[in-house]
A.B. asks: 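One structure is given below, represented as structure tokens, and several questions about it will come after.
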2 protein chains.
Amino acid sequence: MKEDQKIPNPVVRRLGLYYRCLNKLYDEGIEYVASKDIASRLGIKSSQIRKDLSYFGEFGKRGVGYNVENLIKKLETIIGVDKNWNVIIIGAGNIGSALVNYPGLKKEKFNIIGVFDADRSKVGKKIGKLTIQHISQLHEFAKKNIIEIAVIAVPENAAQMVTEELEKLGIKGIVNFAPVKLRTNIPVEEVDITLSFKTLAFKIGREGSR
Amino acid sequence: MKEDQKIPNPVVRRLGLYYRCLNKLYDEGIEYVASKDIASRLGIKSSQIRKDLSYFGEFGKRGVGYNVENLIKKLETIIGVDKNWNVIIIGAGNIGSALVNYPGLKKEKFNIIGVFDADRSKVGKKIGKLTIQHISQLHEFAKKNIIEIAVIAVPENAAQMVTEELEKLGIKGIVNFAPVKLRTNIPVEEVDITLSFKTLAFKIGREGSR
DNA sequence: TAGATTGTTAATCGATTAACAATC
DNA sequence: TAGATTGTTAATCGATTAACAATC
């Protein structure tokens, strides 16, 4: 199967879930696992796991299951977390600052190497080990460093402009926390916090009526 | 249409997107808008918007479009942001602290009324206007206040326990930032930041091969 | 060998889109 | 009236699941 056919988005997201689950199993000392067991942990169907994996190859042994350590390694390569990623953060507000110190990211090989903000009163201040730089220094910074991923954590009205700048600098992907749809050709992942609250509000409202 | 039939999840999420887009249009002083215009702003199909709205009623005028102000009000009621929501945050780490100060939430009527942490060394410290309380005080707090939504921003291994506690206290919904699937019957919205980075990494890796 | 579980196909389910009559 | 756009149905597309032969 292993071609570069289009992989459905839900599949991509689940790969990360499998990866996480496998790591937990590994920590528990489990050597072999059946799709059925992963499925029950994640609350999905075992056939879905097997189907998802089949996009990339055959990793299991019939009658036995999957070797946990081996499948972790395979998923690492497939997802791309077998390497380190250099990340910068644009916007040193609440969200931006939190991400700089967020241990989850470093653990997963996403290394934050720079923080930028347009507010000169923030420039020079430290967040963890990093010093906030003015956004105008980004261009220079990009010449000296390989930046692969940028996080957009700026106010809504600045997000599109920043995106265009990032695209020019050759950044490869964006994680967008601003509540706008970005117009760009590079891959974007949206993390829309207020939207999640709204979705939850809706669901709570419906709970009673069932 | 307006029954309490099941609304597909993607529809619910898009309602929030429509709401946001309509507010922008309102700020721009636009009175009437066609589904085609909303669609082009959001990068989706106009028939999808009309279909989504049709789950809840008829809000447009044929040949004319939708009255922006009116549709905003309707969506407010449908989504449930016509009222204020009381929110508490469990876990005063990076993410938890950032959310307390996050202006986006208050603006959307999600009012954070308490922050809790298990780490006694954090208790008593201030985040914005709120004082971090010890998690053991939660029970007491819940008696004196109506808490509707809880944010879980604790380490993975504490998340399930916290969830069960919250369920007992009668909390109505959870926004979960911990990287685990919570087993609970109350509605949960997942915000999985590291998963988004992984998904992005995968997409970047595929970009080249297309 | 008997039992278990994979990888894959085909069937099912659900969500998106096109099309168009209704109507402003 | 002529033009525009809705609300809704039916067609299409895509994703999930069941089923099972292959095989460890």
Side-chain angles (χ1 to χ4, degrees), chain A residues 1-3 5-18 21-22 25 30-72 74-75 78 181 199 202-203, chain B residues 1-3 5-18 21-22 25 30-72 74-75 78 181 199 202-203:
Chain A
M1 288 279 116
K2 243 188 210 293
E3 305 312 300
Q5 71 185 277
K6 167 98 179 73
I7 308 297
N9 230 300
V11 175
V12 179
R13 260 191 113 66
R14 283 194 299 266
L15 289 179
L17 254 26
Y18 301 158
C21 182
L22 267 306
L25 290 162
I30 292 165
E31 261 187 87
Y32 280 88
V33 68
S35 57
K36 197 152 59 88
D37 301 324
I38 305 176
S40 82
R41 287 192 180 223
L42 298 174
I44 59 176
K45 291 278 151 58
S46 68
S47 53
Q48 179 154 75
I49 295 175
R50 297 196 302 276
K51 178 107 223 288
D52 288 350
L53 293 175
S54 78
Y55 283 99
F56 305 97
E58 306 190 1
F59 307 113
K61 253 211 270 298
R62 287 161 201 245
V64 180
Y66 301 88
N67 177 285
V68 174
E69 191 173 359
N70 176 257
L71 186 52
I72 288 175
K74 289 286 164 55
L75 282 175
I78 292 167
K181 171 152 184 68
T199 306
F202 177 90
K203 285 184 185 165
Chain B
M1 286 278 115
K2 244 188 209 294
E3 305 312 300
Q5 71 185 279
K6 167 100 178 72
I7 308 296
N9 231 299
V11 174
V12 179
R13 260 192 112 66
R14 283 194 300 267
L15 288 180
L17 254 26
Y18 303 157
C21 182
L22 267 305
L25 289 162
I30 292 165
E31 260 187 88
Y32 280 88
V33 68
S35 56
K36 198 152 59 85
D37 301 324
I38 305 176
S40 81
R41 287 191 179 224
L42 298 174
I44 60 177
K45 292 276 151 59
S46 69
S47 52
Q48 180 154 77
I49 295 174
R50 297 197 302 276
K51 179 107 222 291
D52 288 351
L53 294 176
S54 77
Y55 283 100
F56 305 98
E58 305 189 4
F59 307 113
K61 252 213 269 298
R62 287 161 200 244
V64 181
Y66 301 87
N67 176 285
V68 174
E69 192 173 358
N70 175 256
L71 187 51
I72 289 175
K74 289 287 164 53
L75 283 175
I78 292 167
K181 173 155 180 63
T199 306
F202 177 90
K203 285 183 185 167

A.B. asks: Tell me: NZ of Lys45(B) to P of dA19(C), nearest whole Å?
C.D. replies: 11 Å
A.B. asks: Return the CD1 to CZ distance between Ile38(A) and Arg50(A), rounded to the nearest 0.5 Å.
C.D. replies: 10.5 Å
A.B. asks: Measure from the side chain of Pro10(A), starting at C-beta and using heavy atoms only, and say which of dA18(D), dT16(C), dT16(D) lies closest.
C.D. replies: dT16(D)
A.B. asks: How many angstroms lie between atom CZ of Arg14(B) and atom CD1 of Ile44(B), to the nearest 0.5 angstrom?
C.D. replies: 6.0 Å
A.B. asks: Please give me the minimum heavy-atom distance between Asn70(A) and Phe59(A), naming the atom from each residue.
C.D. replies: OD1-O, 4.4 Å
A.B. asks: Partner of dA22(D) by Watson-Crick or G-U wobble geometry, both contacts under 3.5 Å, or none?
C.D. replies: dT5(C)
A.B. asks: Within less than 4.0 Å of OP1 or OP2 of dT5(C), is there a side-chain N or O belonging to Ser35(A)?
C.D. replies: no
A.B. asks: Polar-atom pairs under 3.5 Å, protein N or O versus N or O of nucleotides 20-24 of chain C: list them with distances, or write none.
C.D. replies:
{"residue": "dA22(C)", "atom": "N3", "partner": "Arg62(B)", "partner atom": "NH1", "Å": "2.8"}
{"residue": "dC24(C)", "atom": "O4'", "partner": "Arg62(B)", "partner atom": "O", "Å": "3.2"}
{"residue": "dC24(C)", "atom": "O2", "partner": "Arg62(B)", "partner atom": "O", "Å": "3.4"}

A.B. asks: Relative to the 5' end of DNA chain D, which residue comes earlier, Asp37(B) or Asp52(B), by the nucleotide with the nearest heavy atom?
C.D. replies: Asp37(B)
A.B. asks: Between atom CG of Asn67(B) and atom CD1 of Ile30(B), what is the distance when rounded to the nearest 0.5 Å?
C.D. replies: 12.5 Å
A.B. asks: Mind checking if Glu58(B) touches a base, just sugar-phosphate, or nothing, with heavy atoms under 4.0 Å?
C.D. replies: sugar-phosphate
A.B. asks: Rounded to the nearest 0.5 Å, what separation is found between the CG atom of Asp52(A) and the OG atom of Ser35(A)?
C.D. replies: 11.0 Å
A.B. asks: To the nearest angstrom, how far is Asn9(A) atom CG from dT16(D) atom P?
C.D. replies: 11 Å
A.B. asks: State the CZ-OG1 distance between Phe202(B) and Thr199(B), to the nearest 0.5 angstrom.
C.D. replies: 9.0 Å
A.B. asks: So which one's nearest nucleotide on DNA chain D is more toward 5', Tyr66(B) or Ser47(A)?
C.D. replies: Tyr66(B)
